[in-house]
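The block underneath contains the structure these notes are about, expressed in structure tokens.
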Protein chains: 4
Amino acid sequence: MTTDRRTAILDAAERLFAESGFDATSTARVAAEAGAPKGLVFYYFPRKIDLLLALLDERLPAHDPAEAATVAELGDPAGSLVRLDRLLGLGEHSSLTLRTIVFRESGTHPEVARRLLALRSGLVALTEAVLDLTVGVVLDPELRSQAAHTFVAVMLDRASTGRAGGPAPDAAGPARLVSLAVQAAH
Amino acid sequence: MTTDRRTAILDAAERLFAESGFDATSTARVAAEAGAPKGLVFYYFPRKIDLLLALLDERLPAHDPAEAATVAELGDPAGSLVRLDRLLGLGEHSSLTLRTIVFRESGTHPEVARRLLALRSGLVALTEAVLDLTVGVVLDPELRSQAAHTFVAVMLDRASTGRAGGPAPDAAGPARLVSLAVQAAH
Amino acid sequence: MTTDRRTAILDAAERLFAESGFDATSTARVAAEAGAPKGLVFYYFPRKIDLLLALLDERLPAHDPAEAATVAELGDPAGSLVRLDRLLGLGEHSSLTLRTIVFRESGTHPEVARRLLALRSGLVALTEAVLDLTVGVVLDPELRSQAAHTFVAVMLDRASTGRAGGPAPDAAGPARLVSLAVQAAH
Amino acid sequence: MTTDRRTAILDAAERLFAESGFDATSTARVAAEAGAPKGLVFYYFPRKIDLLLALLDERLPAHDPAEAATVAELGDPAGSLVRLDRLLGLGEHSSLTLRTIVFRESGTHPEVARRLLALRSGLVALTEAVLDLTVGVVLDPELRSQAAHTFVAVMLDRASTGRAGGPAPDAAGPARLVSLAVQAAH
DNA sequence: TATGAATGAGTTTTCATTCAT
DNA sequence: TATGAATGAAAACTCATTCAT
């Protein structure tokens, strides 16, 4: 299936960027790892940053608030949030490495930063939808927003922790916490 | 006070590393920004990475669990957490930039990763101490840990969000949420 | 009428070579500007230099001394020279850009240099013919040659001046000067 | 005297740029020709174009209208103009090559174009001064300007002609012509 | 303790040209 | 007659690091 050379290059880039970071990975190494000549990398991706942008556009899934219904179960916010996390695969390796890159480069490349912001707000909206479907009552919008932001922050924060070599925390803890808080407010 | 050339170099490095990342900042630029000759940078910091390590060792404050007492107020977990955040200056610019660096480079440099882990666990311990002093009852250790991890994750996550150009969230939201959750569990 | 792809390619090359120079214009850019696929450029013009050569052969008009009669008016050398300039369109944009190219590349490509020389001597012959038809008397051959060379040099020099952003001088000044000189010598 | 490495690099650049043109000369070749490592070229001249700019600033002599007095002789405009040409060394090889470059690159690099314009207007002013000192009468300003522009245009035009392999015309022809014209007008 | 010229390996990027289809 | 993916040599430029002074 590696007939598609463009795909092979993206595969190599994803792997190497995640391993060593964007700046520390040379385009020459990407080419070598992909078994492609150096020139071909620039044939498909005129600037090095286009390699990263293509990765984000083509491999970071966009999140649709409608997905909320597939995981939400009335009366079980904690379980629903855990299922949401699993559905999105936020804890999976491929997604993690990609997000690691996004974090790291967002400070340097505005186009990357924009995508990080979009990713986050999509996740927050999705989380709010899940909360709405799980808690019986109508939630105070502010509390709902705080809860969603908190949950998402913890989920995304795992990219940093994972990289640092610590234990990769699962979603259960924050899910339980958010659930408790939301239910406590009636 | 900038008679100290070594300090001037570290100041410049801190600023530039936070702005553009470690890899993308040349030692020449650090020297220029510090108003020092290029040779002097290598006189004080034989390898480039030593600049970063010195920054972390000398400018990332260690957190002492004893500080908990100075902000905790029985019966007001939310307010106490907000005060804790302010005490540590986690939202302040200088601290944020330094943490931005740590985040970004922890994937690439093991020595940096180690420090990130240490920073995080120090903060978690401190947060747990605050919770103990604020909630009247003895908390379930697991819940307490989850609450502390969640709060810390959100606090640290601000470094990413800030960088990405989004609104820098304050500590009030997560503090309220954690407070609600912890009190809900009696 | 641009069904003719070859013509479209030459049009694009002419424009781009004049704007940015031969070396600084890539064949890919020529193809893009012409709306043609890259391969087609090399189908018609096997080497890049063939593009330039074709331009010179097909678009640099050769000058026939017989044209002198159409502009010369006995007793009015100055006016005749101005009309000559207009006839040849030396001040016109398309001619100017082409000559700009010839100037620039003649140092680098011998084949181009040869054509510049031919262009110049054709113009000098034409100018001499005009002078002969305008001045009543038989001119000293040396003076006539000097006058013609001077007029042509100024005309051609406009390509440089124009490019440099200065005011594009018209033909009236040098025409008057040459006329004065030639008539002064009886 | 080639202890000065910077000078050696400039020497090499001047020679090669004149020979092959700016674009066609690689910085690597400049370094090799100068016997310097590639990096040193960029140490002194951060961008390739800076090499050219330094050449123009340091090696193209500025012309002072006061120099007019040293060549002008009342009653001998033609001879004075020839002496002016010799004084300025406009026909000399080193000056010619440098001006060749200026011509060629002025279309592409605005900073170079600016210098070409300045060079030309300096020469025109100088030529006008010479005419004033040589012709006994007060010249019509317009005629004087036309005469000066014409003389300068021919002088500068030699750079093109010389490059193209033709005979390098001397200053005598145009000097005589200008002289005749100016004197004819009383 | 200070300095800045020097070095060369390495980086991103460009591009004319080829060639199978 | 047309096409566009493929190639690799070479370009400009960067930079950590060394070292004589």
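Lettering follows sequence order; numbering is per chain, from 1.
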Could you state the NZ-P distance from A:K38 to E:dT14, rounded to the nearest angstrom?
14 Å
Does OP1 or OP2 of E:dA2 have a side-chain N or O of B:Y43 closer than 4.0 Å?
no
Distance in angstrom units between D:F42 CZ and F:dA12 P, rounded
6 Å
Nearest nucleotide by nearest heavy atom, which residue falls closer to the 5' end of DNA chain F, D:A28 or B:P46?
D:A28
Between A:K48 and E:dT12, does any side-chain N or O lie under 4.0 Å from OP1 or OP2?
yes
Within 45° cone and under 6.0 Å: B:K48 NZ/CZ vs B:F22 ring
yes
To the nearest angstrom, how far is A:R5 atom CZ from F:dG4 atom P?
18 Å
Under-4.0 Å side-chain N/O to phosphate OP1/OP2 contact, B:Y44 with E:dA2:
yes
What is the distance, rounded to the nearest whole Å, between atom CG of B:D4 and atom P of E:dA2?
9 Å
In Watson-Crick or G-U wobble terms, both distances under 3.5 Å, what is the partner of F:dT7?
E:dA16
Just to confirm, is there a sub-4.0 Å distance from OP1 or OP2 of E:dC15 to any side-chain nitrogen or oxygen of C:T27?
no
Verify the neighbour count for atom CZ of D:R29: are there more than 12 heavy atoms of other residues, nucleotides or ligands below 6.0 Å?
no
Mark yes or no for whether C:D57, through its side chain, and C:A54, through its backbone, hold a donor-acceptor pair below 3.5 Å.
no
Of the listed E:dT11, F:dA6, E:dT7, the closest approach to the A:S26 side chain comes from E:dT11
Euclidean distance, atom CG of residue C:L51 to atom C1' of E:dT17 [Å, nearest integer]
13 Å
How close or far is atom C1' of F:dA16 from atom CZ of B:R29, stated in whole angstroms?
16 Å
Minimal heavy-atom distance between D:I9 and D:A34, with the atoms involved, is CA-CB, 3.7 Å
Can you measure D:D23 atom CG to E:dT14 atom P for me and round it to whole angstrom units?
15 Å
Starting from P on F:dA11, measure out to CZ on D:F45 and report it in whole angstrom.
19 Å
Of B:G39 and D:G39, the one whose closest DNA chain F nucleotide lies more 5':
D:G39
Candidates E:dT17, F:dT3, E:dT13 - which lies nearest the side chain of C:L40
F:dT3
Is there a salt bridge (charged side-chain N to carboxylate O under 4.0 Å, His left out) between A:R59 and A:D11? Walk through the geometry before answering.
CA-CA 10 Å; A:R59 304 198 171 181; A:D11 287 345; 2.9 Å; yes
Among E:dT17, E:dT7, F:dT3, which nucleotide sits nearest the side chain of C:P37?
F:dT3
